[in-house]
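Basis for what follows: all heavy atoms, side chains included, without hydrogens, waters or symmetry-related copies.
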Amino acid sequence: MNITINKNIKALRRGKNLTQEQLAQKLNISPQAVSKWETGTTLPDISLLPSISVVLGVTIDELFTMTDEARFERIDNMLYDVRRLSDTEFKQCEFFLIEKYNNDITRPKAALMLAQLYNKRADEYHNLASPLARRALLDNPDSKDAHNALFDSEGGAYQDWNFVNHFKLIAFYKNFLKLHPDNFTAYLWLSDLLIADKRCNEAREVAKKLKELKDSYHYELLMSNIAGAQGNEDEAQEWLERMLKRPESWEIYFAYANEMAKKCRYDKALEYFEKERPLRKYPRFVDTEEAMAQIYEIRGEYQKAIEMQMEILNIMKSDWKELEGEGIDSHLREIERLKHLMK
């Protein structure tokens, strides 16, 4: 069965004033199963269709629709909730998205989702390559090719300028901003690229444009990063202190903590991550807890890293209603990995 009925089930359930738990109870299945149907992560087993239609008061044929929006939504859920797409799932998604890419109306959404689909497939293959490259290097410690394979699969830090510079991407963003000169977010992406390549004079011009468009903490943060890229650490810290004088916000505390972590000032980073946590609004993102977990692991404090991973799971369940899927499973795997390190 390759037709998603998630939207119909959700709409019909609500029309019957049933909760997911009540529908699950009537079908003798778990509430999580109903949740995964409605988010489009999975489809109901064909044997359940007669029971579903009876409970929801429709015919089996009426359960099915094949709207483009439903297909887009299902693919979007699969991109984030499924750890590894099967070849069949990938091809089905690709075929549909290519078809919609060739339609002027649906091209913008299809182009983005095709890019996300291909990036996901690339990540999947990198995850497969990583343990093999590690094994190859352990078997042959002098193999340069094994080192390269490991760096390629895990995003290693190459020092060859001609390999790691971003001149093509910088050129794209500069041309993009000629077409969209008031796009604040694009200037942020461009500034990161320029600073990474130490093209600091160009980055200063971007900083000026940012401040003209919007007076925000991004200006001090960008100026700090430029100073740091030029080796002026005292000036970089002065800009961060200016940033802290702005009205209190979670974004400023997170940015400051992030900079402290980049400088390996882990105590200070943890201090400001903790200050940031109570300021976040619902639904909360988990970037802070992920960063804190990494710091604790770097310092060998594995139990605290586990506690951060557990907090991530709590936030995913309470704020995002995530009960199953890769968003949960990835952190469960991290907890097991950390427990292994403690042995």
Next on the checklist: If you compare all heavy atoms of His166 against all heavy atoms of Ala196, which two are closest, and at what distance to 0.1 Å?
Outcome noted: CE1-CB, 4.0 Å
Item to check | Centroid-centroid distance, Tyr296 to Tyr302, less than 6.0 Å | outcome: no
Item to check | Stepwise side-chain contact (heavy atoms from CB on, under 4.5 Å) test for Glu220 and Lys211 | outcome: CA-CA 9 Å; Glu220 288 87 5; Lys211 194 169 186 180; 5.8 Å; no
Item to check | Derivation of the salt bridge (Lys or Arg N to Asp or Glu O under 4.0 Å) call for Glu38 and Arg13 | outcome: CA-CA 10 Å; Glu38 294 188 356; Arg13 173 181 63 77; 2.6 Å; yes
Checklist entry - Is there a donor-acceptor pair closer than 3.5 Å between any side-chain N or O of Asn258 and the backbone N or O of Phe254? => result no
Checklist entry - Looking at Glu94 and Lys91, does any basic side-chain N land under 4.0 Å from a carboxylate oxygen? => result yes
Next on the checklist: For a quick test of reading the model, state the closest non-hydrogen atom pair linking Ala229 to Lys198 and the distance between them.
Outcome noted: O-NZ, 3.5 Å
Item to check | Where Ala110 and Leu97 come nearest, the two heavy atoms and their spacing | outcome: CB-O, 3.5 Å
Checklist entry - Can a salt bridge be assigned to the pair Asp76 and Lys109 using a cut-off of 4.0 Å between side-chain N and carboxylate O? => result no
Next on the checklist: Using 30° and 60° as the class boundaries, would you call the ring planes of His180 and Phe176 parallel, tilted or perpendicular?
Outcome noted: tilted
Next on the checklist: Hydrophobic clustering (ILVMFWY, side-chain heavy atoms < 4.5 Å, transitive) - are Phe172 and Leu194 grouped together?
Outcome noted: yes
Checklist entry - Taking it one step at a time, do Glu297 and Arg337 satisfy side-chain contact (heavy atoms from CB on, under 4.5 Å)? => result CA-CA 11 Å; Glu297 182 176 349; Arg337 184 182 63 81; 2.7 Å; yes
Checklist entry - Would you call Glu259 and Arg265 a salt bridge, taking side-chain N to carboxylate O under 4.0 Å as the test? => result no
Checklist entry - Hey, would you say the His147 and Phe151 ring centroids sit under 6.0 Å apart? => result no
Checklist entry - Between Arg246 and Tyr217, is NZ or CZ placed under 6.0 angstrom from the six-membered ring centre and within 45° of the ring axis? => result no
Checklist entry - Should the pair Tyr158 and Phe163 be assigned to parallel (<30°), tilted (30 to 60°) or perpendicular (>60°) ring geometry? => result perpendicular
Item to check | Arg299 NZ/CZ over Tyr266 ring centroid, <6.0 Å and within 45° of normal | outcome: no
Item to check | Aromatic ring pairing Trp239/Tyr219, orientation class (parallel under 30°, perpendicular over 60°, tilted between) | outcome: perpendicular
Item to check | Nearest-0.5 Å distance that lies between atom CG in Leu240 and atom CD in Glu235 | outcome: 11.0 Å
Checklist entry - If we only count heavy atoms from C-beta on, is the Leu23 to Thr19 side-chain gap below 4.5 Å? => result no
Checklist entry - Please walk me through it: do Glu233 and Gln237 pass side chain to side chain donor-acceptor pair (under 3.5 Å)? => result CA-CA 6 Å; Glu233 287 301 327; Gln237 189 62 32; over 6 Å; no
Item to check | Salt bridge Arg280-Glu289, side-chain N to carboxylate O under 4.0 Å | outcome: yes
Item to check | Chi angles and distances behind the salt bridge (Lys or Arg N to Asp or Glu O under 4.0 Å) call for Arg134, Asp139 | outcome: CA-CA 9 Å; Arg134 289 182 177 221; Asp139 291 338; over 6 Å; no
Checklist outcome for this item: Nearest heavy-atom contact between Ser130 and Ser153 is CA-OG, 3.4 Å
Checklist entry - Just wondering, more than 12 heavy atoms not from Phe95 lying within 6.0 Å of its CZ? => result no
Next on the checklist: Checking Asp45 against Ser47 for the side chain to side chain donor-acceptor pair (under 3.5 Å) test, could you report, in this order, the C-alpha distance in whole Å, the side-chain angles of both residues, the deciding distance, and whether it holds?
Outcome noted: CA-CA 5 Å; Asp45 189 275; Ser47 64; 2.6 Å; yes
Next on the checklist: Distance to the ring centre below 6.0 angstrom and angle to the axis at most 45 degrees; does that hold for Lys100 and Phe72?
Outcome noted: no
Checklist entry - Taking the side chain from Ser318 and the backbone from Asn314, do they hold a donor-acceptor pair closer than 3.5 Å? => result yes
Checklist entry - Are Glu202 and Lys174 ion-paired here, with the side-chain N under 4.0 Å from a carboxylate O? => result yes
Checklist entry - Does the side chain of Thr106 reach to within under 4.5 Å of the side chain of Tyr101, using non-hydrogen atoms? => result no
Checklist entry - Has the side chain of Asn175 got a donor or acceptor atom that lies under 3.5 Å from a matching backbone atom of Ala171? => result yes
Checklist entry - Are the side chain of Gln230 and the backbone of Ala227 linked by a donor-acceptor contact shorter than 3.5 Å? => result no
Checklist entry - Taking the side chain as C-beta and beyond, is there a heavy-atom pair between Leu128 and Glu124 under 4.5 Å? => result no
Item to check | Criterion salt bridge (Lys or Arg N to Asp or Glu O under 4.0 Å) on Glu89 and Arg84, from CA distance to verdict | outcome: CA-CA 10 Å; Glu89 290 171 330; Arg84 186 174 299 142; over 6 Å; no
Next on the checklist: Would you say the ring centers of His218 and Tyr187 fall short of 6.0 Å from each other?
Outcome noted: no
Checklist entry - Should we count CD1 of Ile105 as having more than 12 external heavy atoms under 6.0 Å? => result no
Checklist outcome for this item: What one should report as the nearest heavy-atom pair of Ser216 and Phe184 is OG-CZ, 3.8 Å
Next on the checklist: Looking at Glu205 and Arg199, is there a salt bridge between them, counting it only when a charged N and a carboxylate O are closer than 4.0 Å?
Outcome noted: no
Checklist entry - Does Asp160 use its side chain to pair, donor to acceptor, with the backbone of Asn162 at less than 3.5 Å? => result no
Checklist entry - Given Lys10 and Gln20, is the side-chain contact (heavy atoms from CB on, under 4.5 Å) satisfied, shown in steps? => result CA-CA 9 Å; Lys10 185 174 184 178; Gln20 289 182 342; over 6 Å; no
Item to check | Residue Asn28 excluded, over 12 heavy atoms near CG under 6.0 Å | outcome: no
Next on the checklist: Regarding Lys120 and Asp123, does a basic nitrogen lie under 4.0 Å from an acidic carboxylate oxygen?
Outcome noted: no
Item to check | Worked verdict on Leu177 versus Asp182 for side-chain contact (heavy atoms from CB on, under 4.5 Å) | outcome: CA-CA 8 Å; Leu177 284 166; Asp182 295 330; over 6 Å; no
Item to check | Met342 and Gln303, any side-chain heavy atoms less than 4.5 Å apart | outcome: yes
Checklist entry - Does Met260 belong to the same Ile/Leu/Val/Met/Phe/Trp/Tyr cluster as Tyr253, with side-chain heavy atoms less than 4.5 Å apart forming each link? => result yes
Item to check | Side chain Asp319, main chain Arg284, donor-acceptor under 3.5 Å | outcome: yes
Checklist entry - Looking only at heavy atoms, which two atoms of Ile170 and Leu193 are closest? And how far apart? => result CG1-CB, 3.7 Å
Next on the checklist: Check Glu336 with Lys339, please: is the shortest side-chain N to carboxylate O separation under 4.0 Å?
Outcome noted: yes
Next on the checklist: For the backbone of Asn140 and the side chain of Ser143, can you confirm whether one donor and one acceptor N or O come within less than 3.5 Å of each other?
Outcome noted: no
Checklist entry - Are the side chain of Asn103 and the backbone N or O of Glu99 linked by a donor-acceptor pair below 3.5 Å? => result no
Item to check | Heavy-atom side-chain contact between Ile252 and Leu221 under 4.5 Å | outcome: no
Checklist entry - Can you tell if the side chain of Arg83 reaches within under 4.5 Å of the side chain of Asp329, non-hydrogen atoms only? => result no
Item to check | side chain to side chain donor-acceptor pair (under 3.5 Å) between Tyr256 and Glu271, intermediate numbers included | outcome: CA-CA 10 Å; Tyr256 187 86; Glu271 175 188 346; over 6 Å; no
Checklist entry - Do His331 and Glu290 have side-chain heavy atoms sitting under 4.5 Å apart? => result yes
Item to check | Side chain to side chain, Arg277 and Glu311, heavy atoms closer than 4.5 Å | outcome: yes
